[in-house]
Student: 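The structure under discussion is supplied below as structure tokens; questions concerning it will follow.
Order of appearance sets the numbers: ligands from 1, and atoms from 1 within every ligand.
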Amino acid sequence: MTQKQYEVLQWASLFLEKNNREVRVAELLLQYHLNVSRTDFFAQMREGIPASIVEKFRADIEKHVKTGIPIQHLMGYELFYGRKFQVNEHVLIPRPETEELVLHVINQIEKNSPVTIVDIGTGSGIIAITLALEIPNATVYAIDISEKALEVAKRNAEALHANVNFLEGDFLQPFVERNLKADIAVSNPPYIAEEEQKTLADTVVNYDPELALFAEDNGLAAYKKIVAQSLGAIRIGGHMAFEIGHLQGHAVSELIRGIYPSSNVTVIKDINGKDRIVSASNLTT
Ligand SMILES: C[S@@+](CC[C@H](N)C(=O)[O-])C[C@H]1O[C@@H](n2cnc3c(N)ncnc32)[C@H](O)[C@@H]1O
């Protein structure tokens with residue numbers, strides 16, 4: 001007997017809830033398997049679904065519940081700033097908070113004036129690619145130490161027709177070596193303290209790359225290194241914007257002030273009211 005879409009969705013939602021998994025996964029994954037737009041997905045809720053699709057969908061839901069595999073790994077992509085980005089086990093799955101960082105950077109840029117931006121720790125390339133597409137007069141560089149992550153980022157740039165210069169190396173080092181200078185440095189670096197590993201969900205700790213998550217020095221090691229390297233990589237009067245863990249605002253601000261005492265440093269909250277961005281303008285020593 002053909003099952004109706006809403007019945008399949010109901011089964012999955014209850015199954016997820018019973019197993020303490022996020023219920024919204026059901027909707028996203030079923031829409032993916034049906035390969036329809038969001039509008040069509042809701043419009044056809046009372047229609048029947050072919051048994052072959054129900055079977056594949058159920059298998060994915062059961063796998064997600066059992067192993068914690070994120071649905072982005074099952075689907076092969078995540079949406080970011082309205083665009084589809086390929087993801088795999090070598091890159092962090094894009095998070096919605098990072099869209100706020102991108103929007104913040106866009107708002108700092110004067111329209112129509114040329115600007116050079118560097119994205120440090122680019123992962124799947126979401127920040128660099130989105131900025132390259134949203135700011136046509138920008139020259140964008142993206143750095144990662146992971147060759148495998150850069151492969152994903154390059155594929156995303158190609159698929160989305162974004163012009164980004166990719167460099168491999170340790171934070172800003174490849175930029176400094178080439179004697180390049182940016183007007184804006186942006187980064188969502190690894191910032192979770194290793195001791196916090198136990199508090200993370202299995203969907204994160206077993207599937208996001210360790211290199212993308214953890215940093216020594218109570219989660220501050222990457223910020224320390226990037227701020228120190230930035231002296232040779234950001235133009236005088238330039239700008240720096242970091243995504244941060246919600247308890248790191250003060251420490252990261254102090255790090256920046258330690259090297260750029262005359263800069264304007266602010267901590268910005270995300271839509272959930274948590275400290276999420278540290279932004280520093282007028283970078284002068
Ligand atoms: C939190 S993830 C952010 C990825 C992506 N920018 C995003 O927002 O989804 C941090 C990234 O930094 C990279 N990374 C870690 N250590 C690095 C280093 N020493 N130099 C350059 N990149 C590094 C990781 O490979 C990972 O891709």
Student: Go through ligand 1 atom by atom and flag the ones less than 4.0 Å from a non-hydrogen atom of Leu92.
Tutor: 1 (C), 9 (O)
Student: Could you list which atoms of ligand 1 come closer than 4.0 Å to a heavy atom of Thr98?
Tutor: 8 (O)
Student: Kindly confirm or rule out an N or O of Ala212 lying under 3.5 angstrom from an N or O of ligand 1.
Tutor: no
Student: Phe57 vs His33 aromatic rings, parallel, tilted or perpendicular, using cut-offs 30° and 60°?
Tutor: perpendicular
Student: Could you see if Leu34 belongs to whatever hydrophobic cluster contains Met45? Use Ile, Leu, Val, Met, Phe, Trp, Tyr and a side-chain cutoff under 4.5 Å.
Tutor: yes
Student: Pull out every atom of ligand 1 sitting under 4.0 Å from any heavy atom of Asp170, numbered as shown with elements.
Tutor: 18 (C), 19 (N), 20 (N)
Student: Do Tyr260 and Val265 make a side-chain contact, defined as non-hydrogen atoms from C-beta onward lying under 4.5 Å apart?
Tutor: no
Student: Give yes or no for whether the N/O distance cutoff of 3.5 Å, strictly under, is met between Ile145 and ligand 1.
Tutor: yes
Student: Could you list the atoms of ligand 1 found under 4.0 angstrom from a heavy atom of Gly169?
Tutor: 20 (N), 21 (C)
Student: Can you tell which of Phe171, Phe85, Tyr191 gets a heavy atom nearest to atom 21 (C) of ligand 1?
Tutor: Phe171
Student: Quick one: which of Ile126, Ile192, Asp119, Ile143 has a heavy atom closest to atom 7 (C) of ligand 1?
Tutor: Ile126
Student: Counting only heavy atoms, which portion of Pro209 has something under 4.0 Å from ligand 1: side chain, backbone, both, or neither?
Tutor: neither
Student: For ligand 1, indicate whether the residue Thr122 contacts it via side chain, backbone, both or neither (heavy-atom separation under 4.0 Å).
Tutor: backbone
Student: Hey, which atoms in ligand 1 end up nearer than 4.0 Å to a heavy atom of Gly121?
Tutor: 3 (C), 4 (C), 5 (C), 6 (N), 11 (C), 12 (O), 13 (C), 22 (N)
Student: Judged by non-hydrogen atoms, does Val91 sit under 4.0 Å from ligand 1?
Tutor: no
Student: Distance under 4.0 Å to a non-hydrogen atom of Gly123: what atoms of ligand 1 satisfy this?
Tutor: 4 (C), 27 (O)
Student: Could you measure the distance from the CD atom of Glu147 to the CD atom of Glu168? Nearest 0.5 Å is fine.
Tutor: 5.0 Å
Student: Using the rule that two of Ile, Leu, Val, Met, Phe, Trp, Tyr join whenever any of their side-chain heavy atoms come within less than 4.5 Å, decide whether Tyr32 and Tyr207 are in one cluster.
Tutor: yes
Student: Counting C-beta onward and ignoring hydrogens, is there a side-chain heavy-atom pair between Ser281 and Gln108 closer than 4.5 Å?
Tutor: no
Student: Out of the candidates Glu47, Arg46, Gln44, only one should pair with Gln5 under the side-chain hydrogen bond (donor to acceptor under 3.5 Å, both in side chains) rule; please name it.
Tutor: Gln44
Student: Tell me whether the NZ or CZ atom of Lys225 lies within the 45° cone about the ring axis of Phe171 and under 6.0 Å from its centre.
Tutor: no
Student: Within the structure, does Asn188 bring an N/O atom to less than 3.5 angstrom of an N/O atom in ligand 1?
Tutor: yes
Student: Between Ser124 and ligand 1, does any nitrogen or oxygen pair lie at a separation below 3.5 Å?
Tutor: no
Student: Could you tell me if the side chain of Val91 sits less than 4.5 Å from the side chain of Phe85, heavy atoms only?
Tutor: no
